[in-house]
Amino acid sequence: MLQVAFIRDHKEAIIERLAKRNIDATEMINDVINLDEDRRALQTKLDNTKAESNTLSKEIGNLFKSGEAQKATILKEKTTQLKETTKLLEQEFNEKVEALNELLYRIPNVPNPIVPSGNTDEDNEETYREGDIPTLHEGALPHWELAKKYDIIDFELGNKITGAGFPVYKGKGARLQRALIAYFLDKNTEAGYTEYQLPHLVNEASGFGTGQLPDKEGQMYHVTADNLYLIPTAEVPATNIFRDTLLNEADLPITITGYTPCFRREAGSYGAHVRGLNRLHQFDKVEILRVEHPDNSYDALDGMVEHVKNILVELKLPYRILRLCGGDLGFTAALTYDFEVFSTAQNRWLEISSISNFETFQANRLKLRFKNNDGKNELCHTLNGSSLALPRVLAGILENYQTENGIKIPEVLVPYTGFDMIS
RNA sequence: GGAGAGUUGGCAGAGUGGUCGAAUGCGGCAGUCUUGAAAACUGUUGAGGGUCACACCUCCAGGGGUUCGAAUCCCUUACUCUCCGCCA
């Protein structure tokens, strides 16, 4: 969420930049400012009332000590009145705070000035493209056909055990999954990220911390008996490491990588675009996350993009990078780069990574701060991205590496798989 | 699952219903000494709101209550630890 003080000081600029998201925030921003003014006025009233009762209480204490019980009793009556007033003011105050917070939860992050204008994914700006799109042999198949042909992924079996969107990986398919996870983790670790194994279920407070709750509740699986949520991404447990945390400036940057399965209900998804590995309820992902000094966060973002580029170059997959337009930008992000791999047999691009700078938007809600060198507490910047999401990378490998004799394994993965061909 | 004990500042750890936003230690910061560093010594150092700045207000796990007054008493929820039970 945005900081009220920031909104107060940069009202016009915020409205202007939020317009990139195709929303007119004028009313919301004005409401925030008005609610905040009301809140402050109430706070002053409330504080003064409390100050008065505090003074009286001390007097009463002293009177009792000096044995002037009668005088004390008179003062007691006064405090009862003040207490009533306090209660009423408190109620009013809490209502204002709640209204203000609810409003703040609904205002998305302010896009970085370089975010392109636009409404849909068609308006995203391609900033980079690399890798040759292979010419496939006659009769080349989409990945779900290949998975069946070589018996490496069983979608129907998943239907039986759980339901649609929970595939079963078998034999070399399972081994390839494990190889990809290990390879990604190794690459991230080499780049300086510390590997973490994180819980796959989180509590309510963590859901709020990263903004899945309250509005995106329907997208997570909820374990009602224990009131826990299955993580939709490692971002949730990894970011919540830093909930209510005060760091030292010297601690920054903090860099974390972790593999987790991800669980998403994806309610309402259907059609050809969700076939095979394109969209699943359970999938694997290796995530990278950084907590940065505000001065460094955009350099760090560029660094993350370079890092993922290197991996895709090593895998020799054709990919492109998009700078998301205002309409496609996630609620919490200030700037996002998406990576897409070309799925040759489907003749379409598949998103495999999304790397974002959230600036202070997450940190504000998390209360993630650092003590700067002047001794003041300042909000950190947070960034995260996939490095990488497995299913669509796998789809890209299966389709782009298929030959008439089977599916070749990218060279860098062979040490991890122990085989160089699926046939 | 049963019984008991706990949860206090960045960390560790005291705390009698009013003198407690809270001893002490560590850590951090500044200084003295030193060519420099370490050590030692001295000083300083919780967070949030509010204010031009003060004043002032709030915060001792979360929520509620008793009281003129609560870190302290009561209720409740969550979590941690110990013992027992169960168990990969």
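Throughout, protein chains are lettered first and strands after them, A, B, ... in sequence-line order, and every chain is numbered starting at 1.
- Here the CG atom belonging to A:Leu329 is positioned 4.5 Å from the OG1 atom belonging to A:Thr336, to the nearest 0.5 angstrom.
- Taking the C1' atoms as reference points, B:C68 lies 37 Å from B:A12, given to the whole Å.
- Ring orientation note: the planes of A:Tyr221 and A:Phe263 are nearly perpendicular, at an angle over 60° on the 30°/60° scale.
- For B:U51 and B:U35, the C1' atoms lie 49 Å apart once the distance is rounded to whole Å.
- The P atoms of B:G46 and B:G9 are separated by 14 Å, rounded to the nearest whole Å.
- A:Phe419 carries A:Lys172 over the face of its six-membered ring, with the cationic atom under 6.0 Å from the centre and within 45° of the normal.
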Tell me, for nucleotides 43-50 of chain B in 5' to 3' order, what letter each nucleotide earns: B for a base near a protein heavy atom under 4.0 Å, S for only sugar-phosphate near one, - for neither? ----SSBS
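- Atom P of B:C54 sits at a distance of 31 Å from the matching atom of B:U42, rounded to the whole Å.
- If you take atom C1' in B:G13 and the same atom in B:G18, they sit 25 Å apart, rounded to whole Å.
- Taking the C1' atoms as reference points, B:C11 lies 11 Å from B:G28, given to the whole Å.
- Taken from CG in A:Leu398 to CG in A:Leu141, the straight-line distance is 11.0 Å, to the nearest 0.5 Å.
- In this structure, the separation between CD on A:Glu90 and NZ on A:Lys50 is 4.5 Å, given to the nearest 0.5 Å.
- Along RNA chain B, the nucleotide closest to A:Lys83 and the one closest to A:Glu52 are compared, and the more 5′ of them pairs with A:Glu52.
- Relative to the side chain of A:Asn54, the nucleotides B:G69, B:C56, B:U58 differ in distance, and B:U58 lies closest.
- In this structure, A:Tyr193 and A:His307 have tilted ring planes: the angle between them lies in the 30° to 60° band.
- Look at A:Asn62 and you won't find any side-chain N or O under 4.0 angstrom from OP1 or OP2 of B:G18.
- Comparing B:G64 with B:A53, their P atoms are spaced 31 Å from each other, to the whole Å.
- Nucleotides B:G21 and B:G49 have their C1' atoms positioned 15 Å apart, rounded to a whole Å.
- Residues A:Asn48 and A:Gly61 each lie close to RNA chain B; by heavy-atom proximity, the contact nearer the 5' end of the strand is made by A:Gly61.
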